[in-house]
Asks: 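Sharing a structure, written as structure tokens. Questions coming.
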There are 2 protein chains.
Amino acid sequence: MIRLLADPLRARIINRLAEGPACTCHLVDETGAKQPNVSGHLRLLRRAGLVAIEPRGRFTYYRLLPDAIETTAAQLFELAGRARATAESRRAC
Amino acid sequence: MIRLLADPLRARIINRLAEGPACTCHLVDETGAKQPNVSGHLRLLRRAGLVAIEPRGRFTYYRLLPDAIETTAAQLFELAGRARATAESRRAC
DNA sequence: GGTATACATCATGGTGTGCTGATATCAGAG
DNA sequence: CTCTGATATCAGCACACCATGATGTATACC
């Protein structure tokens, strides 16, 4: 899940989708990447439930789903909280 | 930065360090990975400022730094917030 | 001193994964 | 119906990156 956010092009796509829904041609234009590449990444994001698909005639609009992202953000916060709580419980070798 | 959290073994190391500081031998034992592998990942995490190093004699203790993780968690929350705010600003082709 | 243990570094190899070009599909315009 | 443009899928390639074994360094214990 985090792995999906780790790729540079996917990160650009996600950042763009955070500014509002867009169709594939928008993403191709604005990222400068080739269309099959963008399409492939969008497929991964869709299968992971990170984006929703809305076909409109010839065009396919993608929308970023905030819930999935907030879930992983919350997991990271919880991780940081655990680290703070256990900062002094050093275990002996 | 997110990329560092994406690797499976690094994720296990980080999760372990969230339960308290540990030295390399602990991490090698508890992850089952080979020592040079663990050591290499720890180097990356250290260079990125995700963990702090505390040498104690022969042993080297590593401690997870919560600030870096919280920073990226906050970025993800902000991303989700932007997605919510712009959910209806669909741009025409 | 010598030995053993913890750890780091290096060179090598294998594999996952992203990128590309070609092709298929499908909707709309004419 | 035909043609064009938008998108999806597939096969092949290339590169990055993780894992491993060997080796080096340093500290503690005898």
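For the numbers below, each heavy atom of this structure counts, side chains included, while hydrogens, waters and symmetry mates do not. Letters A, B, ... mirror the listed sequences (proteins, then strands); counts begin at 1.
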Asks: Report the distance from atom CD of B:Glu54 to atom C1' of C:dA6, rounded to the nearest whole Å.
Replies: 17 Å

Asks: Establish, with yes or no, whether the OP1 or OP2 oxygen of C:dA8 is under 4.0 angstrom from a side-chain nitrogen or oxygen of B:Arg43.
Replies: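 Checking B:Arg43 against C:dA8: no side-chain N or O falls below 4.0 Å of OP1 or OP2.
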
Asks: Under 4.0 angstrom, heavy atoms only, what part of the nucleic acid is B:Thr24 near: base, sugar-phosphate, or nothing?
Replies: sugar-phosphate

Asks: Go through C:dT9, D:dT9, D:dT27 for me and flag the one nearest to the B:Arg58 side chain.
Replies: D:dT27

Asks: With the threshold set at 4.0 Å, does a side-chain nitrogen-carboxylate oxygen contact exist between B:Asp67 and A:Arg84?
Replies: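 Here B:Asp67 pairs with A:Arg84 in a salt bridge, since their nearest N and O are under 4.0 Å apart.
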
Asks: So which heavy atom on A:Arg56 is nearest to which on A:Tyr61, and how close?
Replies: CG-CD1, 3.8 Å

Asks: Let me know the distance between CG of B:Leu4 and P of D:dA16, rounded to the nearest Å.
Replies: 17 Å

Asks: Check the distance between C:dC19's P and A:Leu42's CG and give it to me in whole angstrom.
Replies: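 The distance from CG of A:Leu42 to P of C:dC19 comes to 12 Å, rounded to the nearest Å.
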
Asks: Among the clusters formed by ILVMFWY side chains lying less than 4.5 Å apart, do A:Leu65 and A:Leu5 turn up in the same one?
Replies: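 In one cluster with A:Leu65: A:Leu5, no.
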
Asks: Using heavy-atom distances to pick each residue's nearest nucleotide on DNA chain C, tell me which of A:Gly57 and A:Leu44 is more 5'.
Replies: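 The 5'-side residue here is A:Leu44.
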
Asks: Using whole Å, what does the distance between atom P of nucleotide D:dA6 and atom OH of A:Tyr62 come to?
Replies: 15 Å

Asks: Please determine if A:Arg63 and B:Glu88 form a salt bridge, counting it only when a charged side-chain N lies under 4.0 Å from a carboxylate O.
Replies: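 Result for this pair is no, no salt bridge flagged.
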
Asks: Choosing from D:dT20, C:dC7, C:dG18, which nucleotide comes nearest the side chain of B:Pro36?
Replies: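 Nearest to the side-chain atoms of B:Pro36, counting from C-beta on, is D:dT20.
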
Asks: Report the distance from atom CD1 of B:Ile53 to atom P of C:dA6, rounded to the nearest whole Å.
Replies: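 These atoms are roughly 16 Å apart.
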
Asks: The helix from C:dG1-D:dC30 to C:dG30-D:dC1: angle between its terminal axes, five pairs each, to 10°?
Replies: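 So the angle between the two local helix axes works out to 20°.
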
Asks: Heavy atoms under 4.0 Å, any strand shown: does B:Arg3 hit a base, just sugar-phosphate, or nothing?
Replies: sugar-phosphate

Asks: 5'-most contact on DNA chain C: B:Val38 or A:Asn37, nearest heavy atom basis?
Replies: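 Final value for this comparison: B:Val38.
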
Asks: Between C:dC19, D:dT7, C:dC7, spot the one nearest the side chain of B:Thr60, thanks.
Replies: C:dC7

Asks: Would the base of D:dA8 count as contacting A:Gln35 through its side chain, where contact means a donor and an acceptor less than 3.5 Å apart?
Replies: yes

Asks: Indicate the atoms forming the closest heavy-atom contact of A:Phe59 with B:Cys93, along with that distance.
Replies: CD2-SG, 3.5 Å

Asks: OP1, OP2 of C:dA6 versus side-chain N and O of B:Tyr61: anything below 4.0 Å?
Replies: no

Asks: As a test of reading the structure: which of C:dC7, D:dT7, C:dC19 is closest to the side chain of A:Asp7, going by heavy atoms?
Replies: C:dC19

Asks: Assign each of A:Cys23 and B:Leu9 to its nearest nucleotide of DNA chain D by heavy atoms, then name whichever residue's nucleotide is nearer the 5' end.
Replies: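 First, find each residue's nearest nucleotide; the 5'-ward one identifies A:Cys23.
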
Asks: Does any part of the side chain of A:Leu79, heavy atoms only, come nearer than 4.5 Å to the side chain of A:Phe77, both counted from C-beta?
Replies: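 Not in contact.
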
Asks: With sugar-phosphate meaning primed atoms plus P, OP1 and OP2, does A:Arg10 contact a base, only sugar-phosphate, or nothing at under 4.0 Å between heavy atoms?
Replies: sugar-phosphate

Asks: Assess whether a salt bridge exists between B:Arg90 and A:Glu54, defined as any Lys/Arg side-chain N lying under 4.0 Å from an Asp/Glu carboxylate O.
Replies: yes

Asks: Counting only side-chain nitrogens and oxygens, does A:His41 get under 4.0 Å of the OP1 or OP2 atom of C:dT17?
Replies: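 Looking at the OP1 and OP2 atoms of C:dT17, neither is under 4.0 Å from any side-chain N or O of A:His41.
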
Asks: Compare the minimum distances between each of D:dT7, C:dA8, D:dG21 and the side chain of B:Lys34, then state the nucleotide with the smallest one.
Replies: D:dG21

Asks: Let me know the distance between CG of B:Leu45 and P of C:dA8, rounded to the nearest Å.
Replies: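 Value for this atom pair: 12 Å.
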
Asks: How would you list, by chain and number, every residue that makes a salt bridge (charged side-chain N to carboxylate O under 4.0 Å, His left out) with B:Glu78, sequence neighbours excluded?
Replies: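 B:Glu78 satisfies salt bridge (charged side-chain N to carboxylate O under 4.0 Å, His left out) with B:Arg82 once adjacent residues are dropped.
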
